[in-house]
Amino acid sequence: MIPFQYITSFLLIFIGVYALIYKRNLIKLILALDIIDSGVNLLLISEGYRIAGNLPGTAPIYTGYETLKGVPMVGPLPQALVLTAIVIGVSVTALAVSLAINAYRHYGSLDIRKMRRLRG
Amino acid sequence: MSTIHTVLPLIVVLPLLGAFSSPILDLISRKLKEAWILAISAGTLGVTGYVFYYVFKNGPLLYTMGATNPFGHANFPIRIVWEIDMFNALMALTVAFVSLMAIIYSVEYMKRDTGLEKYYPLILILELGMLGIVVTGDLFNFYVFLEIMSIASYALVAFRNDTWEGIEAGVKYMMVGALASSFILLGIALLYGQYGTLTMAYIAYKMAGHMTTTAKVALALLMAGLLFKSGSVPVHMWLADAHPAAPSSVSAMLSGLVIKAGGIYILARILFSIYGPSINVRTVGWIVIIFACLTLIVGNAMAVVQTDMKRLLAYSSVGQMGYILLGVGIGLAAYGSNVGNLALAGAIYHTVNHALMKALLFLIAGAVIHALGTRNLNDLSGIAKTMPVTSFAFIIGAAAIIGMPPLNGFASKWILYESSALFNPVIGAIAIIGTAFCTAAYVRVIYTFFGRPNSLTMKAKDPGKSMLIPIIILTVAIIVMGLFPWTINKDFMLPAAKALVNQMGYIHTLFAGGV
């Protein structure tokens with residue numbers, strides 16, 4: 001059986017791709033990119049999740065509690081990766097928003113159908 | 001720790017240092033900052049040259065970040081590794097060389113622009129990202145460097161934000177590039193979920209004999225993302241907008257390097273070093289070949305009808321990427337055979353050659369724009385009279401890209417024709433049709449250059465020293481590389497192709513580990 005968090009993350013990715021294809025407003029496109037990013041991050045972080053019986057995993061820090069109770073630790077690597085990916089996502093979004101501001105200055109609109117002056 | 005392990009990290013440390021120290025130096029003096037940037041990029045070229053020499057002499061090189069071996073106390077690699085064989089070393093050298101040329105050129109070309117305290121850091125970060133991509137042996141490390149490179153290139157495309165052109169191209173480039181990056185990250189996440197590691201060589205080791213559907217889906221996603229990034233045909237539209245809109249020194253880097261380091265290089269690495277014989281090489285190889293044939297026909301044909309000089313060069317880049325993809329595709333479809341190795345050697349050779357040729361042509365386009373303020377081919381008639389050096393360099397560059405015999409483009413294209421004809425004559429014919437279109441496009445530009453001068457071109461003159469020196473160096477490089485084609489092919493390109501095909505060697509380098 002596919003865990004539901006995988007389904008959720010692929011659902012988020014599909015929503016993002018759908019919005020990227022069918023929406024015309026630049027801000028909505030930037031939001032779509034963010035949604036795709038969140039979907040991928042959710043997938044990545046849920047890969048590191050561990051559960052033993054009905055005991056959920058703890059944070060990946062040795063405290064002695066895990067060995068005492070036999071509780072699994074969640075994978076630390078995906079968390080590090082997702083932190084990095086979030087930081088990258090934020091910088092892409094920041095640049096995209098600043099481009100959107102500049103585009104509004106030049107075109108007086110955020111409609112990407114208006115941004116068709118480059119041809120050939 | 002030997003010398004090479006001390007020197008190697010400087011490949012990314014130097015540009016990073018230069019990027020973030022240059023705004024501070026800018027406060028003191030502009031001349032000092034320019035000297036500092038030039039010293040930094042020359043130093044980077046020196047480091048990559050040393051690494052190339054070392055790998056050429058001693059074989060593949062493994063470097064572990066912050067430790068002596070990648071294993072720690074575990075029996076599998078847990079640390080970030082850099083793995084360098086002939087192929088990466090060659091790419092790193094090309095990247096550092098062309099970046100240095102572009103930076104020398106910018107000193108004069110960008111003089112009239114404002115915001116230079118942002119321009120130089122960005123261009124060094126772009127170089128840093130590409131160097132990082134080509135040296136790394138870790139998938140997530142690759143993704144981080146890819147994003148560093150991509151963000152810097154989005155910002156540089158939209159650098160002249162007072163014009164609508166830069167902004168429109170930047171928005172388009174960014175949307176496509178960010179989507180492609182998300183696909184690549186999704187592919188990496190799936191691979192990590194399947195095999196529980198991010199080290200490329202260790203994934204290859206675990207994948208042999210344990211190919212799963214998830215890994216195939218991951219391959220599809222990675223290929224889709226990387227074909228986006230390398231401007232392959234169904235998704236090439238952003239390239240033709242983005243490359244002309246950037247300042248010419250940046251166009252030279254984007255067209256010459258970014259689509260190769262961030263597209264073809266890593267695609268070849270994933271296809272050969274990670275997947276290799278675990279997948280059905282014939283099927284995947286043919287998929288790449290079909291994309292390649294489309295790319296080289298459409299790209300070159302679209303170049304013929306352009307009236308904007310830089311747009312013509314950008315479409316020609318799409319066409320030349322087709323040749324490189326063709327070599328990679330044949331190398332995969334005929335995996336391990338002599339034809340496959342030859343095609344791959346041709347692809348690597350053409351990657352290096354095209355980096356030099358297209359950088360030269362874009363720098364010349366920049367010189368023309370600098371002198372005349374226009375890049376419409378109809379206004380450039382007769383420029384050969386008033387800009388003789390530039391026009392001569394353009395003829396050399398155009399002849400090389402068409403594949404005229406004494407120049408370097410001939411050697412790589414000949415190897416590609418030969419191997420594709422040996423592999424499948426139909427594909428060889430398609431490759432030659434592509435070249436016919438390419439010739440038509442460039443002959444038109446040369447014809448314009450030698451036409452009757454108009455009032456605008458009569459006033460033009462050759463650019464100053466800082467712009468002329470890189471143009472001359474690149475021209476000389478093209479001529480010299482054309483003089484020894486078979487030596488270069490035998491000593492550098494074929495070993496690079498063999499290093500790429502040798503997946504066992506790639507895995508072995510990791511497990512031999514340590515210093």
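A, B, ... follow the sequence lines: proteins, then strands. Residue 1 opens every chain.
Counting heavy-atom neighbours within 6.0 Å of A:Tyr49 OH, excluding the residue itself, gives a total above 12. The 12-atom threshold is not exceeded at CZ of A:Arg105, counting heavy atoms of other residues, nucleotides or ligands nearer than 6.0 Å. For A:Lys114, the NZ atom sits in a loose shell: 12 or fewer heavy atoms of surrounding residues, nucleotides or ligands are nearer than 6.0 Å. In B:Phe76, the CZ atom is not crowded: 12 or fewer heavy atoms of neighbouring residues, nucleotides or ligands sit closer than 6.0 Å.
From B:Leu179, atom CG reaches atom CG of A:Leu20 across 5.5 Å, with rounding to the nearest 0.5 Å. Between the CG atom in A:Leu77 and the OH atom in B:Tyr192 there is a gap of 4.0 Å [rounded to 0.5 Å]. To the nearest 0.5 angstrom, A:Ile36 atom CD1 is 10.0 Å from B:Leu186 atom CG. Within the model, atoms CG of A:Leu99 and CE of B:Met174 stand 6.0 Å from one another, a figure rounded to the nearest 0.5 Å. One distance of note links CG of B:Leu185 with CG of A:Asn41; it measures 6.5 Å at 0.5 Å rounding. The OH atom of B:Tyr154 sits 10.0 Å away from the OG atom of A:Ser91 when rounded to the nearest 0.5 Å.
With a 4.5 angstrom heavy-atom cutoff, B:Asp162 touches chain A only via backbone atoms. Neither the backbone nor the side chain of A:Tyr6 comes within contact range of chain B, judged by heavy atoms closer than 4.5 Å. In this structure, no portion of B:Ala245 lies under 4.5 Å from any heavy atom of chain A. For A:Leu43, the part lying under 4.5 angstrom from a heavy atom of chain B is the side chain only.
In plain terms, the two heavy atoms of A:Ala103 and B:Val171 that are nearest each other are CB-CG2, 4.4 Å.
The residue among A:Ile13, A:Asp37, A:Leu44, A:Leu95 with the most heavy atom pairs within less than 4.5 Å of chain B is A:Leu95. No other option in A:Gly48, A:Ala96, A:Gly39 has as many heavy-atom pairs under 4.5 Å with chain B as A:Ala96. For the set B:Ala158, B:Gly166, B:Ser182, B:Ser150, the count of heavy-atom pairs under 4.5 angstrom toward chain A peaks at B:Ser182. The residue among B:Thr163, B:Ile148, B:Leu190, B:Leu198 with the most heavy atom pairs within less than 4.5 Å of chain A is B:Thr163.
Counting heavy atoms from C-beta on, the side chains of A:Ile112 and B:Lys172 never come closer than 4.5 Å.
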Verdict with supporting geometry, B:Tyr143 and A:Ile88, side-chain contact (heavy atoms from CB on, under 4.5 Å):
CA-CA 10 Å; B:Tyr143 173 73; A:Ile88 292 170; 3.9 Å; yes
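A donor-acceptor pair under 3.5 Å is absent between the side-chain atoms of A:His106 and the main chain of B:Glu165, judged by distance alone.
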